[in-house]
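Quick notes on the structure that follows.
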There are 2 protein chains.
Amino acid sequence: MARVQRDGGDDSAPTTELPAVRDQDPSAVSEPVTGSVNGRKVPMATDKARAIPEAAVARLAVYLRVLSGMAEQGAVTVSSEELATAAGVNSAKLRKDLSYIGTYGTRGVGYEVDVLTSEIERVLGLTGQQKVAVVGIGNLGHALANYGGFPGRGFPVEALFDVDPDLIGIPVGGLPVNHIDDIPDICAKRKIAIGVIATPPTAAQAVCDRLVDGGVHCVLNFAPVVLQVPEHVEVRKVDLAIELQILSFHVARNAEQRASRRAAAARASSNGEVV
Amino acid sequence: MARVQRDGGDDSAPTTELPAVRDQDPSAVSEPVTGSVNGRKVPMATDKARAIPEAAVARLAVYLRVLSGMAEQGAVTVSSEELATAAGVNSAKLRKDLSYIGTYGTRGVGYEVDVLTSEIERVLGLTGQQKVAVVGIGNLGHALANYGGFPGRGFPVEALFDVDPDLIGIPVGGLPVNHIDDIPDICAKRKIAIGVIATPPTAAQAVCDRLVDGGVHCVLNFAPVVLQVPEHVEVRKVDLAIELQILSFHVARNAEQRASRRAAAARASSNGEVV
DNA sequence: AGCCGCTTGTGAATGCGTGCACAAAATCCG
DNA sequence: CGGATTTTGTGCACGCATTCACAAGCGGCT
């Protein structure tokens, strides 16, 4: 039970992945907080949330987006098959994912788009607003701050930070930049829920520590470093370099496959797979 | 055997990739190219590359970065334990990951930093340069193009694209912007290996199709859509909204836990781990 | 030279996630 | 009203990934 192996968010996707974060994950790593007390099977998903696998959570967010697109096109109900192909996953997996949050489908018919949407939103905690702080107003931070409402609504950016004295006080995207020394105070005062780190790698750990001091429990890290955080803090990382390197690996692998396929051209013709 | 379930990159992530990455992240989804012909178990890593799990590849990239940091600080050798904690993973997992690429450690001593570095680089295909094209020169695309050499070296940005007529021809980060209709030609001509999609979601699929037409096999997608691609194309996605929603889920989950913990106050107080 | 301590590399076990296949349920139609 | 049809929800099995635990190997010390 004392497995407090700090293991980052990722996967990184899987996670993750993932995402990749992974991914943080890769892969994601769901905490082994199984069992505990209740073995109930109530359709209500009140405190069943903790049982949802990390990978499924990531996909739920995808379903949510696909659903919103469908709603815009006037769809009222959707089958698992439709939704699955639109989201790029197996329909069985989709149904299993949905079963984690309750049974909101109608057999023989499918799911009501709006019901499913609001249920997923509820589970993901999107009913309220999660206040976001962006630290590091460079190229990326600037872009993030200018998103304004941030991807979709529900994640208002409510604080900006940087070290550069020339930036302090300057409004970016309608919000003044504060000094990073004020992170703990301001985050605590404004009840910031999510900290986004867009600083150079050297500053990231210090910034992260200050965010944690400010009571921030969730961090989205764009800096190419592995952050060390106390166990109760959740870190997801988005790492451009790593994503590129993973792709690079696939380029290399494909090149190799092609080479060896050229070499060992006609062999093992037993499998007439056409793919 | 005919499990050609297209399943996008990553979970992630995490990731797993995703992880996330992956999955993404987990995360990640390694292609089920098992069995087939060879069931060999040769320790040589020549064509064993395909056997490296996706999640491990993501971590290798992390190790690589940690190693370069250590090299800068003058470290010559490093033990699996050191490297593992610095990378935020279990040491056994690290050793297993490294074992996928060969045996380059010395028992009782550890790994030589430079040897390990170059071996990982080799496996990840970082010995050569992977040319990158960025499509969509908005806020994000601008930031990406201005990275210049792109995170670390090895990924030169060699083409930029957008639809906006006002942008065509304008140099961004020292490179002129081309029209997206020219994607296939230019990508083929310049041998672009990786396409980065930083367009609005509505344009992403069309852009992706053009990239594929141009012979690009690897895509890094920042647009919040699920891309449909032929099987030979590898897609990694970096999705801000989804990352935030995953974090949001954790906020909600923690709040719930705290609530129920407050209710069922004193129970299981065991773990005093300090990390 | 031989022993001792340290660290790697890996076989084996466990756990998690995925996908299949089918029973249960709900609608539609004759 | 009952059966046919459709689609959900899930038990089960399989495979991958993670972790443990230990033998094998290497350097240093006496």
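To find a chain, count down the sequence lines: A is the first, B the second, and so on, and within it residues start at 1. Nothing here was measured: the structure is a model prediction, and the numbers come from that model.
- Qualifying side-chain contact (heavy atoms from CB on, under 4.5 Å) partners for Glu112(A), counting only residues two or more places apart in sequence or in other chains: Thr77(A), Asp114(A), Val115(A).
- The side chain of Asn90(A) contributes an N or O atom lying less than 4.0 Å from OP1 or OP2 of dC20(C).
- Residues satisfying the side-chain contact (heavy atoms from CB on, under 4.5 Å) test with Ala255(B), not counting sequence neighbours, are none.
- The side chain of Ser80(A) contributes an N or O atom lying less than 4.0 Å from OP1 or OP2 of dT8(D).
- If you take CG of Leu83(B) and P of dT7(C), they are 14 Å apart, rounded to a whole angstrom.
- Between Lys93(A) atom NZ and dG15(D) atom P there is a gap of 16 Å when expressed in whole angstrom units.
- Remark: Val251(A) pairs with Gln130(B), Cys218(B) by the side-chain contact (heavy atoms from CB on, under 4.5 Å) rule, at least two apart or across chains.
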Quick one: which protein N/O atoms are closer than 3.5 Å to N/O atoms of nucleotides 2-4 of chain D? Pair and distance per line, please.
none

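- Against DNA chain C, the stretch residues 108-116 of chain B makes heavy-atom approaches under 4.0 Å through Gly108(B), Val109(B), Gly110(B), Tyr111(B).
- Every residue meeting the side-chain hydrogen bond (donor to acceptor under 3.5 Å, both in side chains) condition with Asp209(B), not counting sequence neighbours, appears here in chain and number order: Gln205(B).
- The side chain of Ala92(B) lies closest to dA21(D), out of dG17(C), dA21(D), dC26(D).
- Listed by chain and residue number, Arg95(A) satisfy the side-chain hydrogen bond (donor to acceptor under 3.5 Å, both in side chains) test with Ser80(A) (two or more places apart in sequence, or in another chain).
- Every residue two or more places apart in sequence or in another chain that forms a side-chain hydrogen bond (donor to acceptor under 3.5 Å, both in side chains) with Ser79(A) is listed here: Glu82(A).
- Checking the phosphate oxygens (OP1, OP2) of dG28(D), no side-chain nitrogen or oxygen of Arg107(B) falls inside 4.0 Å.
- The CG atom of Asn90(B) sits 8.0 Å away from atom CD of Glu81(B), with the distance rounded to the nearest 0.5 Å.
- Take Tyr63(B) and apply the side-chain hydrogen bond (donor to acceptor under 3.5 Å, both in side chains) test, not counting sequence neighbours, and it matches Asp97(B).
- Between Glu81(B) atom CD and dC6(C) atom C1' the separation is 12 Å, expressed in whole Å.
- For the pair Glu54(B) CD and dT18(D) C1', the computed distance is 17 Å after rounding to whole Å.
- Atoms CG and CD1, on Leu60(A) and Ile120(A) in that order, are 5.5 Å from each other to the nearest 0.5 Å.
- Distance check, rounded to the nearest 0.5 Å: CD of Glu54(B) to CZ of Arg59(B) gives 11.0 Å.
- Straight-line distance from the CD1 atom of Ile52(A) to the C1' atom of dC16(C): 16 Å, rounded to whole Å.
- Per the geometry, CG belonging to Leu94(B) stands 15 Å off C1' belonging to dA17(D), to the nearest Å.
- Going from atom CG of Leu98(A) over to atom P of dT10(D) covers 11 Å, rounded to whole Å.
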Name the pairs: protein N/O against N/O of nucleotides 12-14 of chain C, kept only if under 3.5 Å.
| residue | atom | partner | partner atom | Å |
| --- | --- | --- | --- | --- |
| dA12(C) | N6 | Lys96(B) | NZ | 3.1 |

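- Among dT18(C), dT8(D), dT10(C), the nucleotide with an atom closest to any side-chain atom of Arg95(A) is dT8(D).
- Applying the salt bridge (charged side-chain N to carboxylate O under 4.0 Å, His left out) test to Glu119(B) and every residue at least two apart in sequence or in another chain returns Arg122(B).
- The side-chain contact (heavy atoms from CB on, under 4.5 Å) test applied to His217(B) returns His232(B), not counting sequence neighbours.
- The nearest whole Å value for the distance from the CZ atom in Arg59(B) to the P atom in dA17(D) is 9 Å.
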